[in-house]
Amino acid sequence: MGLSASQIPEPPKKDLPLWDVKLGELPKWVGRRDISPTGVYFAFKRAELKFHNKYVHVRRGGIAPYAMMLTGYCILSYIWSYDHLKHDMMRKHH
Amino acid sequence: MVGSLFSQFDSPWLFNIPLVILAMLIPWKLFITSGSGWVGTRSEMLMSQLTNTLMGQVMQPLNKKGFSWAVLFSSLMLMLMTLNVIGLFPYTFTPTTQLSMNLGLAVPLWLGTVIYGFRNHPTIALAHLCPEGAPNLLIPVLVVVETLSIFMRPLALGLRLTANLTAGHLLMHLISSAVLGLMELSGVLSVITLVLLVFLTMLEIAVALIQGYVFAILVTLYLDENL
């Protein structure tokens, strides 16, 4: 199941990383990237591997990666269920 | 009021995409398996120790023939425990509160053990329907009762998990609403209810872990009968 860094194809040529791209040039940057399904999948895999190599596959890791993942999942769940929750907010009687 | 109480168990949808599938894949992403290195890391060691301890517990009733089911049972137990515990985090969805999912797990597993037993040694499997030492006159009744109890097993498995988790979530929802409601009326009562809520949360974490364990161990016991 696990892919190593050598098995995941890198983007074909060196391009600006996302945080260096100006807002106006963002659509052009997205157009230059590989946005086919496999390209998107491998982009997520690269990000996941970067996260794992930084926080999980270290000699003496901690609770940080699991805390980050769970917090992210809670925030994502809040976003997903916002439509349902907004009716209960700022109400005295439910 | 009743609608809003049970609406926390609605499965989430986003633009016609069922998010329950993503919620069920969370344990897969949380249990990060080994990297490409030779040296074991701390998280790998902890994960393998946890898995080995749990597997040792789950596989206790089984003999050597049943060890081929080890991967299935340990992954089942880990998945259920993780799904249950993560459901206690705020705003998350617990797939195991849905009877459809629990029956979808219980029925195939139970049926697999029954078919395994009837296929490999049908006489012994049928002999289980009559307990040893039973009086002769009672045997017909006992066979009927034992057959019924066998058919009730998957229902009980699925319902037990659903009911425990749903009841726990409902209680937490109610008591937290009570804490908020009592804040305006009486601060002391609100604090007492808050303390109760803290203990209830601790109980719910224990229930979440135990129910996952109980589900897996019961399937192990049903297999043990049929091995």
Side-chain angles (χ1 to χ4, degrees), chain A residues 1-10 35-94, chain B residues 1-15 17-47 50 75 82-83 85-95 173-174 176-178 180-181 183-184:
Chain A
M1 188 64 87
L3 290 172
S4 67
S6 53
Q7 290 170 296
I8 298 177
E10 280 293 327
I35 46 174
S36 65
T38 45
V40 170
Y41 171 73
F42 282 125
F44 275 108
K45 266 282 172 223
R46 276 194 300 276
E48 191 188 351
L49 207 63
K50 196 173 172 187
F51 179 82
H52 286 354
N53 287 338
K54 186 171 180 187
Y55 291 107
V56 182
H57 303 316
V58 291
R59 191 182 286 265
R60 290 169 57 190
I63 203 172
Y66 306 103
M68 278 194 272
M69 282 191 277
L70 285 170
T71 314
Y73 179 56
C74 289
I75 294 170
L76 212 58
S77 302
Y78 178 78
I79 295 168
W80 285 339
S81 52
Y82 182 74
D83 261 343
H84 185 85
L85 288 167
K86 66 186 177 192
H87 302 292
D88 286 333
M89 284 182 181
M90 307 298 274
R91 282 182 72 156
K92 190 167 179 182
H93 302 289
H94 294 265
Chain B
M1 172 62 187
V2 175
S4 70
L5 200 55
F6 285 93
S7 57
Q8 61 179 303
F9 300 117
D10 291 339
S11 23
W13 290 74
L14 187 72
F15 306 126
I17 307 163
L19 295 173
V20 62
I21 297 169
L22 287 168
M24 278 167 64
L25 292 176
I26 288 296
W28 173 44
K29 281 294 154 191
L30 269 182
F31 283 95
I32 303 161
T33 47
S34 59
S36 47
W38 284 90
V39 178
T41 59
R42 186 190 269 174
S43 60
E44 265 175 52
M45 187 210 69
L46 282 171
M47 206 90 65
L50 170 76
S75 58
T82 315
L83 283 176
V85 169
I86 285 172
L88 293 168
F89 280 82
Y91 301 114
T92 50
F93 173 68
T94 324
H173 193 111
L174 280 169
S176 54
S177 311
L180 284 174
M183 249 189 232
E184 295 163 21

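So that the names make sense, note that chain A is the first sequence line, chain B the second, and so on, each numbered from 1. What's counted below: heavy atoms across the whole structure, side chains too, no hydrogens, waters or symmetry copies.
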Item to check | Any side-chain heavy-atom pair of B/F89 and A/S77 under 4.5 Å | outcome: no

Checklist entry - Minimum heavy-atom separation for B/P90 to A/C74, with atom names? => result O-SG, 3.7 Å

Item to check | Closest non-hydrogen atom pair between A/M69 and B/K29, with its separation | outcome: SD-O, 4.0 Å

Item to check | Nearest heavy-atom neighbours spanning B/A23 and A/Y73 | outcome: CB-OH, 3.5 Å

Next on the checklist: Could you check whether atom CZ of A/F51 has more than 12 heavy atoms from other residues, nucleotides or ligands sitting under 6.0 Å from it?
Outcome noted: yes

Item to check | Region of B/L46 in contact with chain A, defined by heavy-atom distances below 4.5 Å | outcome: neither

Item to check | Structural part of B/I86 lying under 4.5 Å from a heavy atom of chain A | outcome: side chain

Next on the checklist: One pair to check against side chain to side chain contact (heavy atoms under 4.5 Å, CB included): B/I32 and A/Y66. What are the steps and the verdict?
Outcome noted: CA-CA 10 Å; B/I32 303 161; A/Y66 306 103; 4.2 Å; yes

Checklist outcome for this item: Whatever's closer than 4.5 Å to a heavy atom in chain B on A/V58 counts as backbone

Checklist entry - Using non-hydrogen atoms only, which part of A/L76 is less than 4.5 Å away from chain B: side chain, backbone, both, or neither? => result neither

